[in-house]
Trainee: 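My questions all concern the structure below.
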Amino acid sequence: MISKQTIDKIFSAVRVEEIIGEYVQLKRAGSNFKGLSPFHDEKSPSFVVSPSKQIWKDFSSGKGGTAISFLMEIENFTYPEALRHAAKKYGIEIEEDKREQTEEQKQAQTDRELLFKIHEIANDFFQHQLFETEEGTSIAYSYFKERELRDDIIKKFQLGYSPEQRNAFTEYALNKGYSKEILEKSGLSIFPENAPNGLDRFRERVLFPIHSFSGRVLGFGARILKNNIKTAKYLNSPETEIYHKSSVLYGLSQGKQAISKANLCLLVEGYMDVIALHQSGIDNVVASSGTALTVDQIKLIKRLTENVTILFDGDPAGIKASFRSIDLLLAEEMNIRILLFPDGDDPDSFSRKHPQEYVEEFIKTQANDFIDFKAEILLKEAGDDPIRKAEAIRDIVKSVAFVKNALKQEVYLKEVATKFGLSEQSLFNELNVQKQIQSKQFSPQQRSEPQERPKMEIVPQSPLLSVNPLLELEEKLVKHMLNFGDRILEKTDADNKPFKITVIEEIISHFNEDNYEPQSPINQKIIEELKKGLDNDEIIQSNFFLTLMDETIVSKVSNAIIGDDELSNWEKSNIFPPKPGDKLEAEIEDDILIHKSHFIEKLIYDVAKKLDDVRDSDQEAYYELVKKIMILKSLLNEINMKVNRQLTKGHSFFKEQKL
C-alpha cells in the first residue's frame with residue numbers, strides 16, 4: 001500500500017490544470033479554466049478547473065473532484081493506480097507501507113486490473129525479445145532498421161517482437177503465476193484442444209503496442225515479416241474489457257501534448273505513418289489503426305483540438321473511405337483539411353525523403369478544405385457527364401449539411417456556388433433536402449445517449465412534499481463549513497457580551513444543541529470528521545476531504561467548493577455580483593434559524609404520526625403527545641417570528657432561495 005506520506009507528497013505536487021490539460025482543451029476564464037466536458041456532449045463549455053482550489057467540476061454531468069479523481073474517471077484507474085500515474089508524472093518516488101496485504105485486499109484485484117498487468121508484462125517481454133535476443137535482433141531489429149527507425153523512436157513507441165517459438169510468451173506468463181483464463185481473456189494466448197499448453201497469438205511478428213490516453217498498454221498490433229506464410233499480414237488484439245479499437249487512436253499517448261500545443265491533429269492511416277512522422281520531428285499525429293474513423297475517436301481528438309488535417313497516400317479505396325470520415329468530423333464540429341501526397345508516397349515515405357521543415361510546410365500549404373478535396377476527386381470521375389457532375393455537387397452539399405453552425409454552412413455554400421457557377425438559392429434548396437434525408441437516416445452511432453441526471457437525495461417527510469427542505473438547509477450549512485469553516489464570526493451571548501467563534505464551531509454547536517441527525521449519509525461522514533477535528537482543537541478544512549479515498553465525499557466537497565457562479569466570468573462584462581461569503585454572518589444566522597424551523601416541523605410531523613396509534617388505547621400517552629406538539633408549535637412560532645424580523649431588516653438571502 002502507498003504510504004500516507006507519499007500520498008501527501010503527490011497531492012502537494014499535482015497541478016489539477018496540468019493533469020486535466022492533457023485530456024481537455026482548457027481556456028482561461030478569469031481565475032479559472034473552462035473547457036468542453038470530456039464526459040458529456042455539449043456545445044458550450046461547462047467544465048471548470050480551479051487552480052487556486054485544485055479541483056474541477058463538470059456542470060453537465062454533475063461530476064467533480066481532484067486531479068486524482070479525474071484520472072479515476074477518465075482512465076478508469078483505481079485510486080492507487082491514479083496516485084502512481086501522478087507520482088510518475090511528477091517524479092515522486094512511491095513509498096510502500098510495510099504492512100502485508102490481507103487476503104481480502106489480494107482478492108480485490110479485478111480481472112480488469114489483471115488485464116492491464118498482463119499487457120504490461122507482455123510489453124516488457126516483447127521489447128526484451130527485440131533488443132536482447134539473437135532471434136529478435138537478427139529478424140525484428142533488422143526490419144526496423146531497414147525502415148530507417150532510430151533506437152530512440154523504437155523505444156519511444158515500445159516496439160517489440162514475439163519469437164518463433166509457438167508459446168514463448170504463454171509459457172513465460174504461466175511461470176510468473178498468471179492463469180490460462182486471464183491469458184485467454186487478454187487475447188495474448190490461445191488454448192485450442194490440440195495445444196493445451198497454449199499458443200502465442202502474435203508469434204513471429206513485430207509488435208506495436210496500443211496505448212491508452214495516459215500511456216497504459218491496452219492491446220497490440222502485429223505485422224508478420226515472412227512473405228511465404230499464408231496468414232494475415234497484420235493482426236490486432238481482439239476486443240477485451242480494456243481494449244475497444246473504435247475508442248482508441250494509435251499514437252495519441254505520445255502525441256497529445258504536441259497536438260494541444262499546435263492546436264492541430266494530423267490524422268493518418270497506419271502505425272508506421274505515425275512513427276515516421278515522429279522520427280522527422282512532427283509529433284502531433286495519430287492513426288485510426290486500420291479501422292474506419294469513429295465518433296468516439298473524434299471525441300478523443302476534440303479534447304485537445306478542433307482542427308484536423310487528414311493525410312492520405314492517394315489510394316482510391318482509401319480516398320472514398322475518407323468521405324465518410326469527413327462527414328463524421330463535420331458532424332462533430334471539427335475544422336477539416338485534407339492532403340493527398342504525390343503518387344507513390346505516403347506519410348511514412350514522404351517524411352523519410354524530406355527534412356522536417358519541408359514536410360511541415362508541404363502539409364500547411366498543400367492541404368485543401370473538404371470542398372476542394374471532394375470537388376477534385378468527384379469531378380475528375382464525372383468528366384463531362386452533366387448528370388455525374390450534378391451528383392458530385394450534391395455529394396459536396398451533403399457534407400455541408402453535416403455542418404451544424406449556420407454561418408459556416410452559408411460560407412461553404414457560397415464557396416460551392418462560386419466554384420461551380422451555381423446560384424446560392426439552388427444550393428440552399430439542395431441543402432434543405434439533404435438535411436431532411438439526414439434527419440431520417442442519422443446513424444445511431446452519432447446519437448448521444450442522454451446521460452442520467454444526478455439524482456436528488458430526498459428523504460420523505462410527508463406525502464405533500466416532493467423536496468426535503470430540511471435536507472436543503474443541511475446542504476447549505478455543510479457547504480458553509482467546507483467553504484468558510486475557519487472564518488471568525490463576531491457574536492454576542494445572552495448577556496450581550498461579545499465573543500468570537502468559527503463557522504464550523506457555530507454550525508456544529510447548532511447540530512449538537514438539537515441532537516440533530518443528518519439526513520444525508522455523506523453529510524454525516526463530513527460532519528463526523530469536522531467534530532473529530534474540534535475534539536482535537538483543530539479546524540479541518542475542505543482540502544482534508546479531497547485526499548480521502550471515498551470518492552463520494554471527494555465529489556461532494558468539490559461540488560460544494562465550486563459554485564454555479566464560477567461558470568460565468570462576470571467581470572469580463574463589468575458586472576460585479578456579490579461574492580460568496582460577503583454577508584456570511586447574516587447568511588449563516590438565517591440558515592441556522594430556517595434549518596431549526598424545518599427540523600421542528602419534522603419533529604411535529606413525526607409526533608403527529610404517533611397519535612393515531614395511541615388515540616383509543618392509551619389516553620395518557622395521547623395527551624402527552626398533544627402537549628409535546630403544542631410546545632413544539634409554540635417554539636416554531638417563536639423561531640418563525642425571529643426569521644420574519646430578520647427578513648424585514650433586509651439582510652437575508654431567503655427571498656432568492658424561495659424557501
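Numbers for residues simply follow the sequence, beginning at 1. This one's a predicted model, so the numbers in the text were calculated from it and none came from an experiment.
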Trainee: Taking CD in Glu357 as the centre, count heavy atoms belonging to other residues, nucleotides or ligands within less than 6.0 Å. Is the count above 12?
Mentor: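 Yes, the 6.0 Å shell around CD holds more than 12 heavy atoms from other groups.
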Trainee: Looking at Lys404 and Ala331, would you say the former's side chain and the latter's main chain have a donor-acceptor pair under 3.5 Å?
Mentor: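 Between the backbone of Ala331 and the side chain of Lys404 there is a qualifying donor-acceptor contact (under 3.5 Å).
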Trainee: If you count every heavy atom of other residues, nucleotides or ligands that lies below 6.0 Å from Lys89 atom NZ, does the total exceed 12?
Mentor: yes
Trainee: Roughly how far apart are Leu329 CG and Phe370 CZ, rounded to 0.5 Å?
Mentor: 11.0 Å
Trainee: Using side-chain heavy atoms (C-beta onward) and a distance below 4.5 Å, is Phe220 in contact with Tyr243?
Mentor: no
Trainee: Atom NZ in Lys176, atom CG in Leu174: separation rounded to 0.5 Å?
Mentor: 12.0 Å
Trainee: Take atom NZ in Lys185; do more than 12 heavy atoms of anything else shown fall under 6.0 Å from it?
Mentor: no
Trainee: Within the side chain of Ser186, is there an N or O that forms a donor-acceptor pair under 3.5 Å with the backbone of Leu183?
Mentor: yes
Trainee: What salt bridge (charged side-chain N to carboxylate O under 4.0 Å, His left out) pairs are there with at least one residue in residues 138-147, not counting sequence neighbours?
Mentor: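 The answer is Lys145-Asp151, Arg147-Asp348.
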Trainee: For His40, does its backbone N or O pair with a side-chain atom of Ser60 as donor and acceptor, under 3.5 Å?
Mentor: no
Trainee: Can you tell me how far the NE2 atom of His278 sits from the CG atom of Asp152, to the nearest 0.5 Å?
Mentor: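 If I round to the nearest 0.5 Å, the distance is 12.0 Å.
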Trainee: Under 3.5 Å, is there a donor-acceptor pair between the side chain of Thr309 and the main chain of Leu267?
Mentor: no
Trainee: Check each of Phe77, Tyr23, Phe70 against Phe213 using the ring-ring contact (aromatic ring centres under 6.0 Å, His included) test, and report the only one that passes.
Mentor: Tyr23
Trainee: CD1 of Ile338 to CZ of Phe323: how many Å apart, nearest 0.5 Å?
Mentor: 9.0 Å
Trainee: Measuring from atom CD of Glu73 to atom CD1 of Ile20, what distance do you get when rounded to the nearest 0.5 angstrom?
Mentor: 11.0 Å
Trainee: Side chains of Asn263 and Gln25 only: does a donor on one sit below 3.5 Å from an acceptor on the other?
Mentor: yes
Trainee: Shortest non-hydrogen contact from Ile301 to Cys265?
Mentor: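 So the two residues come closest at CG2-CB, 3.7 Å.
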Trainee: Start with the C-alpha gap between Ile298 and Val308, add the side-chain angles, then the distance that decides, and say whether side-chain contact (heavy atoms from CB on, under 4.5 Å) holds.
Mentor: CA-CA 10 Å; Ile298 294 170; Val308 174; over 6 Å; no
Trainee: Can you name the one residue among Val206, Leu225, Leu130 that meets side chain to side chain contact (heavy atoms under 4.5 Å, CB included) with Ile139?
Mentor: Leu225
Trainee: Do the side chain of Ser260 and the main chain of Gln257 share a donor and acceptor less than 3.5 angstrom apart?
Mentor: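 Answer holds: no.
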Trainee: Identify every side-chain donor-acceptor pair in residues 187-197 under 3.5 Å, counting partners at least two apart or on other chains, and give the distances.
Mentor:
| from | atom 1 | to | atom 2 | distance (Å) |
| --- | --- | --- | --- | --- |
| Ser189 | OG | Thr170 | OG1 | 2.8 |

Trainee: Looking at Glu361 and Lys364, does any basic side-chain N land under 4.0 Å from a carboxylate oxygen?
Mentor: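 Here Glu361 does not pair with Lys364 in a salt bridge, since their nearest N and O are not under 4.0 Å apart.
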Trainee: For residues Ser247 and Asp296, report the shortest heavy-atom separation together with the two atoms involved.
Mentor: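 Smallest heavy-atom distance, with atoms named: OG-OD2, 3.4 Å.
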Trainee: Please name the pair of heavy atoms, one in Phe11 and one in Ile68, separated by the smallest distance, quoted to 0.1 Å.
Mentor: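 Shortest heavy-atom separation between Phe11 and Ile68 comes out as CZ-CG1, 3.7 Å.
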Trainee: State whether the side chain of Arg337 and the backbone N or O of Ile363 hold a donor-acceptor pair below 3.5 Å, judged by distance alone.
Mentor: no
Trainee: Check Pro347 against Val268 and note the closest heavy-atom contact, atom names and distance.
Mentor: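 The pair with the smallest heavy-atom distance is CG-CG1, 3.9 Å.
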Trainee: Side-chain contact test, heavy atoms from C-beta onward, threshold under 4.5 Å: evaluate it for Val295 versus Leu328 and give yes or no.
Mentor: yes
Trainee: Got a sec, which residues hit ring pair (Phe, Tyr, Trp, His ring centres under 6.0 Å) with Tyr234, two or more places apart in sequence or on another chain?
Mentor: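 In terms of ring pair (Phe, Tyr, Trp, His ring centres under 6.0 Å), with neighbours along the sequence ignored, Tyr234 is linked to no residue.
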Trainee: If the test is ring-ring contact (aromatic ring centres under 6.0 Å, His included), which one of Phe202, Phe126, Tyr161 qualifies with Phe169?
Mentor: Phe126
Trainee: I'd like to know if the side chain of Arg205 reaches the main chain of Lys233, judged simply by a donor and an acceptor atom lying under 3.5 Å from each other, with no hydrogens or angles considered.
Mentor: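 Checking the backbone N and O of Lys233 against the side chain of Arg205, a donor-acceptor pair under 3.5 Å is found.
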Trainee: For a quick test of reading the model, state the closest non-hydrogen atom pair linking Gly281 to Gln356 and the distance between them.
Mentor: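 Residues Gly281 and Gln356, closest heavy atoms: O-NE2, 3.3 Å.
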Trainee: So do His119 and Arg216 actually touch side chain to side chain, heavy atoms under 4.5 Å?
Mentor: no
Trainee: Checking Glu120 against Lys117 for the salt bridge (Lys or Arg N to Asp or Glu O under 4.0 Å) test, could you report, in this order, the C-alpha distance in whole Å, the side-chain angles of both residues, the deciding distance, and whether it holds?
Mentor: CA-CA 5 Å; Glu120 182 185 325; Lys117 189 62 180 176; 3.5 Å; yes
Trainee: Just jot down the side-chain hydrogen bond (donor to acceptor under 3.5 Å, both in side chains) partners of Glu391, sequence neighbours excluded, or say none.
Mentor: Arg394
Trainee: State whether the side chain of Thr6 and the backbone N or O of Glu95 hold a donor-acceptor pair below 3.5 Å, judged by distance alone.
Mentor: yes
Trainee: Evaluate side-chain contact (heavy atoms from CB on, under 4.5 Å) for Val248 paired with His244, printing each intermediate quantity in order.
Mentor: CA-CA 7 Å; Val248 177; His244 306 284; 5.7 Å; no
Trainee: Ile377 versus Leu340: any side-chain heavy-atom pair under 4.5 Å?
Mentor: yes
Trainee: Between Asp58 and Ser37, is any side-chain donor less than 3.5 angstrom from a side-chain acceptor?
Mentor: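 Asp58 vs Ser37: donor-acceptor pair found between side chains.
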Trainee: Do Ser288 and Gln297 have side-chain atoms, one donor and one acceptor, less than 3.5 Å apart?
Mentor: no
Trainee: Measure from the side-chain N and O atoms of Trp56 to the backbone N and O of Gly65, and report whether any donor-acceptor pair falls under 3.5 Å.
Mentor: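 Flag set: sc Trp56 to bb Gly65 pair under 3.5 Å.
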Trainee: Is there a side-chain contact between Ile74 and Pro38, using heavy atoms and a 4.5 Å cut-off?
Mentor: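 A side-chain contact exists here, since the closest heavy-atom pair is under 4.5 Å.
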Trainee: What is the distance from atom NE2 of His128 to atom OG1 of Thr133, rounded to the nearest 0.5 Å?
Mentor: 6.5 Å
Trainee: Run the side-chain contact (heavy atoms from CB on, under 4.5 Å) check on Arg303 and Leu252 step by step: do they pass?
Mentor: CA-CA 11 Å; Arg303 290 181 190 171; Leu252 188 59; over 6 Å; no
Trainee: Once salt bridge (charged side-chain N to carboxylate O under 4.0 Å, His left out) is applied, what residue pairs with a partner in residues 248-268 remain, sequence neighbours excluded?
Mentor: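 For residues 248-268: Glu22-Lys256.
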Trainee: Kindly write out the residues that satisfy side-chain contact (heavy atoms from CB on, under 4.5 Å) with Gln158, not counting sequence neighbours, or none if the list is empty.
Mentor: Asn123, Gln127, Pro209, His211, Val217
Trainee: Would you verify whether the NZ or CZ of Lys155 falls within 45 degrees of the ring axis of Phe131 while also being under 6.0 Å from that six-membered ring's centre?
Mentor: yes
Trainee: Count the heavy atoms belonging to other residues, nucleotides or ligands that lie under 6.0 Å from CZ of Arg166, then report whether that count exceeds 12.
Mentor: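 Result for CZ/Arg166: open.
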Trainee: Does the side chain of Pro45 reach to within under 4.5 Å of the side chain of Lys27, using non-hydrogen atoms?
Mentor: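 Side-chain contact under 4.5 Å: no.
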Trainee: Step through it carefully: locate the ring centre of Phe157, locate the ring centre of Tyr271, and say whether they are under 6.0 Å apart.
Mentor: no
Trainee: Considering non-hydrogen atoms only, spot the tightest contact between Gln279 and Arg150 and give its length.
Mentor: OE1-N, 2.7 Å
Trainee: Donor-acceptor pair, distance only, cut-off 3.5 Å: does the side chain of Ser555 make one with the backbone of Lys63?
Mentor: no
Trainee: Got Val49 and Phe47 here, is their nearest side-chain heavy-atom distance under 4.5 Å?
Mentor: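 They are in contact (side-chain heavy atoms under 4.5 Å apart), so the answer is yes.
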Trainee: Which is it for Ile336 and Phe373 under the side-chain contact (heavy atoms from CB on, under 4.5 Å) test, yes or no, and what are the steps along the way?
Mentor: CA-CA 11 Å; Ile336 319 163; Phe373 172 72; over 6 Å; no
